[in-house]
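To keep things clear, I will list the structure first and then write my remarks on it.
Scope of the values below: all heavy atoms of this structure, side chains included, with no hydrogens, waters or symmetry mates. Throughout, a chain's letter reflects where its sequence line sits, starting with A, and its residues are numbered from 1.
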There are 2 protein chains.
Amino acid sequence: MGTNDLDTAYFDEQLYVRNVAVDNVIFGYHDRELKVLLQKPKLLDKWTVAGGYILKTESVEEAAHNIAFMRTGLKDLFLEQFKTFGSPTRIKDEWLDIEKVFENAGLNPPTEAWIRDYSVSIAFYTLTEFSLVTVQKASFDEAIEWWPVAQLPRMMFDHALIIEEALKALQRDIYHYPIGYELLPRKFTLPEIHSLYETILGKTLDNRNFTRKLLSTGIIKKLDETRNIGAHRSPFLYKFEKKQYDAALKNGIFLGF
Amino acid sequence: MGTNDLDTAYFDEQLYVRNVAVDNVIFGYHDRELKVLLQKPKLLDKWTVAGGYILKTESVEEAAHNIAFMRTGLKDLFLEQFKTFGSPTRIKDEWLDIEKVFENAGLNPPTEAWIRDYSVSIAFYTLTEFSLVTVQKASFDEAIEWWPVAQLPRMMFDHALIIEEALKALQRDIYHYPIGYELLPRKFTLPEIHSLYETILGKTLDNRNFTRKLLSTGIIKKLDETRNIGAHRSPFLYKFEKKQYDAALKNGIFLGF
DNA sequence: ATAATAGTGTCTTTAAGACACTATTTG
DNA sequence: CAAATAGTGTCTTAAAGACACTATTAT
């Protein structure tokens, strides 16, 4: 999406790249659950991934950043392009839906406008620290909410597939990038990051082996503080070592969990 | 690309998806070198990756298959989407080039036609067995040739970058897919596949360890034939085991070379 | 016999995986 | 002291990596 105005007339052929959408699967982590930020257009009972279009003056990556910014209020988020979807049927299968979207948005693009036509979607996923996000609703949306990836609502078009592929990409990337940095608060405990990895990978990880491997990379560092969690032993807080983290991002690491 | 006619007027807005191109980096392996199939438009001294546009009646993947077919005469090639490129400058940086391309092709799209405009390129790479390919020249091309990836000619637009990224993607994928099947003839020797892997990865691999690992996957099988290579010991021929190969493609394998 | 390439085995080192007890905190 | 969660060490097994000699073929 190219502007901060969520109500821009995307079918303006002068401003926007035609036939191309950008969809951005915004992941957050909270309450031991991996969540996705979804929107529900007015009057429809289907949800959509955050999405928008590309201004002719910006790159695909800038468009994806802008979409993330519009929905979360956050800039410079971690963002990965994972796949581009395009087929004659991915939107038209549910023709009625898109007509309703326009109607509800108070828009009425010409019948022949590209926005009703073949649509390629360049899909990204974004990682955000849940607690920092202040959700931004567009005027044509009835709701914008975090949904657990494990229990999604009815999704519009092929958006369920897009989320599924985003999750696969994330699961692939977690072995090669220090993903936790983006999803956790600045200070976190070992049990928290352990649970994050288990959640994303959908399997249990032996806590001793997990800790050993994670610490051996040198990307996190124990602090001299603990977190009080009630009637239990207080876990130590850790933080990411920016230097090691950046190196890991650049060169890749291998975390064989 | 959507038809078998290499001279189709791509700027026809009724037929083609606007603003979106598909570029396909076609890899082949020959003479111990990894090669790419490139074209040179008439009168320009820059080369391009195989590319084309998407018919509104086909999917992105179909378009990529059609591009590969038009250039190689082969169907059902192994094909992977690896990245989508899009920025306001990737084509316009060399505005003169694209004008010349049109001129040389005898085309004269209207000044405002999308084809001169912002262009998103969905990039794929394709693996082919070099010897099966019969190269197909389009009328607006002066030449179509295999170039060693290690010594590319001057490339148009961002095509050098696209090839670089395709190679990175291939190097990533080689660890998870039984790549050799696509690039080698049906029967091949251990030294041949060994050299293929060394070439793609750009590093030497201990032949004993390589053989041990490759054979342990069960995807190749020793035949009862040898290849005569002159005044040397004759190497045995091997072939891929289709069953194991398909399983490896589907589930992924791990080849830690 | 020589030159060139094919083919194979062992040892060492490192990483993965399995496994269970002790420590801290609060009520 | 009981309940809950944090935190840590060792052994076994598997895989990776390093390394060098013997086998075959044609001239």
query: Quick one: Asn228(B) CG to dT5(C) C1', roughly how many Å, whole number?
result: 12 Å
task: Look at Asp23(B) together with Lys83(B) and state whether they make a salt bridge at an N to O cut-off of under 4.0 Å.
output: no
Between dT24(D) (P) and Arg227(B) (CZ): distance, integer Å: 20 Å
- line: Comparing nearest nucleotides in DNA chain D, the 5'-proximal residue of the pair Leu215(A), His232(B) is Leu215(A)
- prompt: Taking the six-membered ring of Phe240(A), is the NZ or CZ of Lys242(A) close enough (under 6.0 Å from the centre) and on axis enough (within 45°)?
  reply: no
- line: Winner on side-chain proximity to Ile229(A), out of dG17(C), dT26(C), dT5(D), is dT5(D)
- request: Write down the distance between CZ (Arg233(A)) and P (dT26(C)), rounded to a whole number of angstrom.
  value: 13 Å
task: Can you check whether any acceptor in the base of dG7(C) is under 3.5 Å from a donor in the side chain of Arg212(B), or vice versa?
output: no
query: Considering only dT25(D), dG7(C), dA6(D), which nucleotide approaches the side chain of Ser234(B) most closely?
result: dT25(D)
- prompt: For Asn209(A) and dG9(D), what is the distance between atoms CG and C1' respectively, to the nearest whole Å?
  reply: 11 Å
query: Reckon Asn207(B) touches a base, only the sugar-phosphate, or nothing at all at heavy-atom distances under 4.0 Å?
result: base
- prompt: Would you say the ring centroid of Phe124(B) lies under 6.0 angstrom from that of Phe82(B)?
  reply: no
task: Would you please classify the geometry between the Tyr175(B) ring and the Phe254(B) ring as parallel, tilted or perpendicular, with 30° and 60° separating the classes?
output: parallel
- prompt: Quick one: Arg208(B) CZ to dA15(D) P, roughly how many Å, whole number?
  reply: 20 Å
query: When all nucleic acid strands are considered with a 4.0 Å heavy-atom cut-off, which category describes Asp206(A): base, sugar-phosphate, or nothing?
result: base
statement: 5'-most contact on DNA chain C (nearest-nucleotide basis), Ala231(B) vs Pro235(B), goes to Ala231(B)
- request: Determine: side-chain N/O of Lys222(B) to OP1/OP2 of dT8(C), distance under 4.0 Å, yes or no.
  value: yes
field: salt_bridge(Glu198(B), Lys203(B)) N-O dist < 4.0 Å
entry: no
message: Rounded to whole Å, how long is the line connecting atom CZ of Arg32(B) with atom C1' of dT5(C)?
response: 10 Å
task: Take the protein atom CG of Leu223(B) and the nucleotide atom P of dA6(C), then report the distance between them rounded to whole Å.
output: 17 Å
field: Length of the line joining Leu214(B):CG and dA16(D):P, which is rounded to integer Å
entry: 13 Å
query: Quick one: which of dA23(C), dT8(D), dA6(C) gets closest to the side chain of Pro191(B)?
result: dA6(C)
